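Just below is one structure, and these are the notes that go with it.
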Amino acid sequence: MIELKGPLKALVLDDEKSGRDMVGYFIAENAADLFGDVFFASNIDEATKILAQNAIDVVFLDIQLKGEIGFNITQILPPNTHVVVVSAFPEYAMQAIKLEVVDYLLKPISEDDFIKLKQKIEKRVDLTKKTDTVTLGNKSSLIIRESGMNVVVPFQDIEYVEAAGAYSKIITQQKEHLISKTLKVLSPSLPSHFVRVHRSYLVPVDQIATYKSNQLCLKNGKQIALSKTGRKVLQASYGIG
């Protein structure tokens with residue numbers, strides 16, 4: 001880990017030390033005012049442990065890891081976490097666009113590209129502060145636009161959130177709300193106890209009744225898929241592992 005003076009925390013995931021050192025160098029030289037703690041991981045297991053213990057703002061992600069695909073980590077990234085792809089292979093660009101990454105940097109990184117990336121991160125972080133939430137007394141709620149009206153949905157009423165293409169379905173006991181935002185875009189508007197247990201699901205921890213290797217059961221009886229990396233993040237939230 002390196003310590004700088006900026007407000008954001010970063011995680012650099014690359015199986016090669018030279019790749020980790022390269023990103024660390026550019027952060028220290030060009031973005032020391034933006035980043036504070038910078039963590040390094042060589043595989044997804046190491047990255048998962050760091051994510052469970054630290055509120056990471058930006059993940060610098062290599063794609064081709066030894067025996068793993070770096071994109072798999074995006075399934076369990078918590079709210080407010082942004083992804084920057086750093087790869088020697090341009091052919092993953094379309095998949096990266098679908099994941100709404102901040103930028104796609106080709107190795108070797110140029111200083112000009114990194115400076116442009118810094119500007120993009122600053123804009124993206126500012127956007128995440130403009131969330132669709134409102135505080136009503138001690139109750140924090142999500143505001144959803146439906147049929148020309150603003151509908152207040154308290155976080156405590158949300159049983160789970162499911163991806164639906166370019167939309168997200170917000171499930172409460174009363175009804176199902178459809179919002180024109182992907183899980184990635186919606187996530188920053190949700191509290192930290194909403195866990196990304198699968199690429200298609202965000203679940204409040206307090207709604208979980210039981211779970212096993214690849215599935216969890218909510219208190220309402222709903223069965224939801226649980227990915228391997230999602231299980232690790234869920235267990236970390238319980239202080240397990």
Side-chain angles (χ1 to χ4, degrees), residues 1-2 8-28 31 34-35 37-110 113-114 116-118 120-121 124-125 128 163 182-185 187-188 195-202 214 225-237 241:
M1 185 183 82
I2 59 176
L8 303 182
K9 291 185 178 182
L11 168 62
V12 181
L13 174 55
D14 194 314
D15 61 338
E16 296 184 353
K17 185 177 185 300
S18 60
R20 298 191 296 273
D21 289 346
M22 176 178 59
V23 176
Y25 168 81
F26 277 102
I27 291 174
L34 186 61
F35 292 100
D37 295 339
V38 181
F39 301 86
F40 298 90
S42 61
N43 55 56
I44 289 179
D45 279 345
E46 290 179 5
T48 300
K49 292 176 183 177
I50 292 171
L51 287 164
Q53 298 173 4
N54 302 275
I56 300 297
D57 299 289
V58 180
V59 175
F60 291 85
L61 177 65
D62 188 18
I63 298 174
Q64 291 194 358
L65 307 175
K66 293 177 181 176
E68 300 176 304
I69 298 297
F71 279 138
N72 290 342
I73 196 71
T74 63
Q75 297 178 18
I76 50 86
L77 290 180
N80 299 322
T81 307
H82 304 286
V83 175
V84 177
V85 172
V86 183
S87 175
F89 304 96
E91 58 264 31
Y92 296 100
M94 288 304 299
Q95 188 173 352
I97 290 172
K98 292 179 181 179
L99 293 172
E100 301 172 359
V101 303
V102 179
D103 208 345
Y104 196 110
L105 300 183
L106 287 175
K107 297 178 181 178
I109 302 172
S110 73
D113 284 346
F114 197 89
K116 291 176 182 177
L117 165 66
K118 179 188 174 185
K120 292 178 182 180
I121 292 173
R124 185 75 68 93
V125 171
T128 65
T182 63
L183 288 188
K184 178 69 174 179
V185 175
S187 290
V195 177
R196 190 74 174 265
V197 297
H198 187 273
R199 67 184 308 162
S200 297
Y201 294 100
L202 279 164
N214 61 356
L226 178 63
S227 68
K228 180 180 178 181
T229 47
R231 186 175 72 252
K232 292 179 181 179
V233 172
L234 179 62
Q235 290 175 326
S237 71

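Only a predicted model underlies this, so the values are computations on that prediction, with no experimental measurement involved. Side chains are part of it too, since the values below use all heavy atoms of this structure and drop only hydrogens, waters and symmetry mates.
- Note that CD1 of Ile50 is 10.0 Å distant from CE of Met1, once rounded to the nearest 0.5 Å.
- Between Phe71 and Gln95 there is a side-chain heavy-atom pair separated by less than 4.5 Å.
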Going through the checks in order, is the side-chain contact (heavy atoms from CB on, under 4.5 Å) test met by Phe26 and Leu105? CA-CA 12 Å; Phe26 277 102; Leu105 300 183; over 6 Å; no

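- At least one side-chain heavy atom of Gln64 sits less than 4.5 Å from a side-chain heavy atom of Tyr92.
- The NE2 atom of His82 sits 8.5 Å away from atom CG of Leu8, with the distance rounded to the nearest 0.5 Å.
- The CG atom of Leu183 sits 11.5 Å away from the OG1 atom of Thr74 when rounded to the nearest 0.5 Å.
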Test side-chain contact (heavy atoms from CB on, under 4.5 Å) on Leu117 and Val102; report intermediate values, then the result. CA-CA 8 Å; Leu117 165 66; Val102 179; 4.0 Å; yes

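- Nearest heavy-atom pair, Ser227 versus Ile76, reported as atom, atom and distance to 0.1 Å: OG-CG2, 4.1 Å.
- Listed for the Thr81 side chain is no donor-acceptor partner under 3.5 Å among the backbone atoms of Leu77.
- Using a 4.5 Å heavy-atom cutoff, the side chains of Val58 and Ile121 are in contact.
- Between Arg20 and Ser42, the shortest heavy-atom distance links the atoms NH1-CB, 3.4 Å.
- The heavy-atom pair separating Arg199 from Leu99 by the smallest distance is NH2-CD2, 4.3 Å.
- In this structure, Lys107 pairs ionically with Asp62, as a charged nitrogen and a carboxylate oxygen lie closer than 4.0 Å.
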CA sep, side-chain torsions, deciding dist, call: Val233, Val197, side-chain contact (heavy atoms from CB on, under 4.5 Å): CA-CA 8 Å; Val233 172; Val197 297; over 6 Å; no

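- In this model, a donor atom of one side chain and an acceptor atom of the other lie less than 3.5 Å apart for Thr182 and Glu100.
- Taking both residues in full, the closest heavy atoms of Ala31 and Phe114 are given as CB-CE2, 4.0 Å, listed atom of the first, atom of the second, then distance.
- A donor and an acceptor atom, one from each side chain of Ser110 and Asp113, are located under 3.5 Å apart.
- Residues Lys66 and Asn43 are not in side-chain contact: their nearest non-hydrogen atoms beyond the backbone lie 4.5 Å or more apart.
- The distance from the CG atom of Leu51 to the CZ atom of Phe39 is 10.0 Å, given to the nearest 0.5 Å.
- Side chain of Asn54 to main chain of Ile56: no donor-acceptor pair is present (N/O by atom type, distance under 3.5 Å, no hydrogens or angles).
- In this structure, Asp103 and Val85 have side chains that are not in contact, with every pair of non-hydrogen atoms separated by 4.5 Å or more.
- Remark: Lys118 NZ is packed, more than 12 non-hydrogen atoms of other residues, nucleotides or ligands lying under 6.0 Å away.
- In this structure, Ile44 and Thr229 approach most closely via the heavy-atom pair CG2-CG2, 3.8 Å.
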side-chain contact (heavy atoms from CB on, under 4.5 Å) evaluation trace for Phe60 with Ile109: CA-CA 12 Å; Phe60 291 85; Ile109 302 172; over 6 Å; no

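- No donor-acceptor pair closer than 3.5 Å links the side chain of Arg231 to the backbone N or O of Leu234.
- Taking CG of Leu13 as the start and CD of Glu46 as the end, the distance is 8.5 Å to the nearest 0.5 Å.
- Between Phe89 and Leu106, the shortest heavy-atom contact is C-CD2, 4.1 Å.
- Counting heavy atoms from C-beta on, the side chains of Val195 and Leu202 never come closer than 4.5 Å.
- Between the CZ atom of Arg196 and the CD atom of Gln75 there is a distance of 8.0 Å, given to the nearest 0.5 Å.
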